[in-house]
Amino acid sequence: MTSLIDWLTRSRVWRSFFRHGWPDNARDRALVMTTNVFFHLHPVKINRASLRATYTFGLGLVTAIAFASLVVTGALLMFWYAPTVERAYPDILSLQTAVPYGQLLRNLHRWGAHLMVLTAVLHLARVFYTGAYKPPREFNWVVGVGLLALTLAGSFTGYLLPWDQLAFWAVTVGTSLASHLPGIGADLQAYLLGGPEVGQAALLRFYALHVMVIPLALALLTSVHFWRVRKDGGLAVPKIPRDTVLAFPVVAVIEVMLTLAVSLGLLLLSLAVDAPLEAVANPNLTPDPSKAPWYFVGLQEMLEHGHPFVMAIAGPLLAGLFVAAVPYLDPAETDAGVWFGSRRGAWITALSAVYTLVGVPALVVLSNAFPPRELLRGQAPEWVAQALIPGGATVLFTLAPLLALGVARVRPTRREALLVLFTLLLVTAAVVTVIGFQFRGPGFELYWPWQMPDGYNPWDSF
Amino acid sequence: MTLPPLPRRSLSRRLFLTLLAGGGGTVLCAQTTAILVPFLRPLPPAPEAGRVYAGRLTDFVVGSVTRVLAGRCFVVRLDAGLLALSQRCTHLGCAVPWQAAEGRFHCPCHGSTFNTVGEVTGGPAPRPLDWLPITLDADAVWVSPTQPQQRAAFAPEQVTEL
Ligand code: HEM
Ligand code: FES
């Protein structure tokens, strides 16, 4: 065996491929990392703490793996799909019924996209709660926020391509949000759609964005992201006790195993559950209810409670700016890489989560039972009912926990104040998403999930 | 080790090249933007899409609301004349059907309701349904769905008098 390896690694062919010997000794294990293009993003030695599964949960890596799988399945789908109003829907139908493994590939692409959105959000939460955004990693956090935005844009543009009722109306509703931006709204929507409404021009634009522009931008930004992780000294883990191991082959094994696990999970899911496809798009008939894709249905829920500009543009924009600004609001380097920073931080986070879990459904039910818009119609100007009341309620609801901390004479650190606000934002997003997805039925009215009328099941269009 | 100071001449050459590269880069970016904005601007609708045949005058009896599928709109026959309403909800663009039983337009997406002249009577819609210009050609009624007119309220001049 050893002589075989010796013969192999000394051969001219091996030495032309690899600039290192068989990696069974420290020197060659280090050389793998520095001389191989696929490995050179890894350090030679790695901190043991950053390999702990309960520190990162591998979420960034799973997101990257999901992206890679989307590139592969997406490229294959392109062989059978033409982005025209006449052919898009029939192409998807024949992909599902006539092309061997066509349905499977479509399922893989669909579930892969859902997975990528989900793990990108969870990864963001992980990085936040471990304080891994602290110096010198501020900028990489901002890059991460950009990656999340691109991930959502990729999912949204892909959503239109099957050209079924689901796609057509979700995109109609989604892009109409842009039209409520004061001044430039209508132009912005027209630029996105290539015309006044969703049609051939919109399909072509979304296709170009989906298969070219967004994946390229994602690949570029992901490279920057990884490079920065490396240059910022690996993951943010407490530096003492310093306990490093050679990164090869541990890191490679983890990466291969996770790739296999994600592939297997996606494959099993795709064998079990088919991606939805409804009737062909019909611009004259809006299905009831018409919902945005699940990661935007929370926005649609917010829209029920106020003016589109306040609830779906100004609010989310502020929230996005806040998230991007997190590392600049809490620049202290202390306790980076520690979940919640301290026991007190963990308590504050848990209390904020409970407060939001109870408060947001209560607000939704309240606003549904006594809608200011209808109660004040014709009695007060629209901006009072649609902007001042819902906006004011949201601001009060957000600031109340901080006031409560003040009253209780807990002087929160900057990190703890951020823990409150971020948890509020994250849990609110989760709660309104669940309400919009699971508790809204025909007419976008509130229903208990087990009492949905007309046999409506939101999972049919997931 | 400290380097000897660079001679003045080569420094100014470096400065010149830096400015040239920086200035050139700025010009390139500006020019790219100036090209991209008009390049990506949607084209105006084709002229033949400008008018859609809605029916003959006698088809519209007073009080009726008629759907014109090809024009994505409704033609409402009021006492005074004809009013064409876009079917596109002013909230988020869903197609609003006329509910004869309710006597109003009722949007399936977030429940906005509109009366026969398109004014909001309930729900989140921020303004009345857009109206569309109508042209009469002898007794043929044509609507122009590509020219939706936004409005804050119903006004008589939106009606084509008969
Ligand atoms: C396409 C989406 C994304 C991909 C593919 C991705 C990938 C990764 C990977 C593989 C890592 C290293 C392992 C890990 O920490 O789990 C990482 C780290 C990191 N990511 Fe992301 N990520 C994405 C989105 C985001 C988002 C949304 C944020 C936050 C706004 C973010 C911020 C960070 C930061 C600051 C680090 C360094 C973490 C540390 O030092 O512990 N990333 N990312
Ligand atoms: S789109 Fe009609 S009510 Fe929202």
Side-chain angles (χ1 to χ4, degrees), chain A residues 165 168-180 186-187 189-199 201-202 205 208 282-292 299-301 303-309 311-312 371 373-374 377-378 382-383 385-387 390 440 442-445, chain B residues 33 36-46 49-50 52 67-74 86-99 102 105-115 119-128 130 132 144-150 152-153:
Chain A
Q165 281 286 70
F168 185 91
W169 291 105
V171 170
T172 297
V173 168
T175 52
S176 295
L177 287 178
S179 72
H180 287 282
D187 279 339
Q189 188 187 10
Y191 264 89
L192 268 174
L193 295 181
E197 54 189 17
V198 180
R205 278 182 185 212
N282 177 355
N284 280 313
L285 180 73
T286 307
D288 181 15
S290 252
K291 290 190 185 175
L299 277 187
Q300 199 176 346
E301 174 61 41
L303 273 170
E304 280 298 294
H305 307 284
H307 191 274
F309 176 69
M311 303 312 267
R373 183 180 63 223
E374 306 305 329
R377 190 180 294 282
E382 211 195 345
W383 62 267
Q386 292 256 62
R440 292 279 180 181
F444 214 68
E445 307 274 356
Chain B
T33 313
L36 277 186
V37 171
F39 178 82
L40 292 174
R41 181 175 299 139
L43 292 174
V52 167
R67 187 155 204 185
V68 182
L69 282 181
R72 314 249 164 101
C73 67
F74 292 90
S86 161
Q87 71 178 17
R88 200 161 148 180
C89 187
T90 51
H91 182 226
L92 291 178
C94 289
V96 188
W98 167 254
Q99 296 294 354
E102 301 170 29
F105 297 95
H106 193 160
C107 183
C109 286
H110 316 95
S112 288
T113 53
F114 307 85
N115 62 18
E119 291 169 321
V120 185
T121 53
R127 42 166 228 277
D130 295 346
L132 310 172
S144 308
T146 53
Q147 299 167 41
Q149 310 287 315
Q150 294 191 3

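All heavy atoms count here, side chains included; hydrogens, waters and symmetry mates do not. Just so it is clear, the model here is predicted, and its values are computed rather than measured.
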Give me the atom names and distance for the closest heavy-atom approach of B/Pro108 to A/Asp288.
O-OD1, 3.3 Å
Should B/Pro126 and A/His180 count as side-chain neighbours, where that means a heavy-atom distance under 4.5 Å?
yes
Are the side chains of B/Cys94 and A/Thr172 in touch, meaning some heavy atoms are under 4.5 Å apart?
no
Go through the atoms of A/Arg205 and report whether side chain, backbone, both or neither lie under 4.5 Å from a heavy atom of chain B.
side chain
Closest heavy-atom pair, B/Gly93 versus A/Trp169, reported as atoms and distance to 0.1 Å, is O-CZ3, 3.6 Å
Checking B/His91 against chain A: side chain, backbone, both or neither under 4.5 Å from a heavy atom?
both
Nearest-0.5 Å distance that lies between atom CZ in B/Arg88 and atom OG1 in A/Thr286:
11.0 Å
Less than 4.5 Å apart, side chain to side chain, heavy atoms only: is that true for B/Arg67 and A/Asn284?
yes
Would you check if A/Arg377 and B/Val120 make a side-chain contact, meaning some heavy-atom pair closer than 4.5 Å?
yes
Which bit of B/Thr90 comes within less than 4.5 Å of chain A, counting heavy atoms only: side chain, backbone, both or neither?
backbone
Non-hydrogen atoms of chain A under 4.5 Å away: do they reach the side chain of B/Val96, the backbone, both or neither?
neither
Winner by heavy-atom pair count (cut-off under 4.5 Å) against chain B, out of A/Pro287, A/Gly194, A/Gly174, A/Ser179:
A/Gly194
Whatever's closer than 4.5 Å to a heavy atom in chain B on A/Pro283 counts as both
Let me know if A/Gln386 has heavy atoms under 4.5 Å from chain B in its side chain, its backbone, both or neither.
side chain
If I compare all heavy atoms of A/Tyr191 with all of B/Pro42, which pair ends up nearest, and what's the gap?
N-CG, 4.1 Å
Let me know if A/Ala190 has heavy atoms under 4.5 Å from chain B in its side chain, its backbone, both or neither.
both
One option among A/Lys291, A/His307, A/Glu197 has the most heavy-atom pairs under 4.5 Å with chain B, and it is A/Glu197
Chain A contacts, top residue of B/Cys107, B/Pro44, B/Pro124, B/Pro148 (heavy-atom pairs, under 4.5 Å):
B/Pro124
Report which part of A/Gln189 has an atom under 4.5 Å of a heavy atom belonging to chain B: side chain, backbone, both, or neither.
side chain
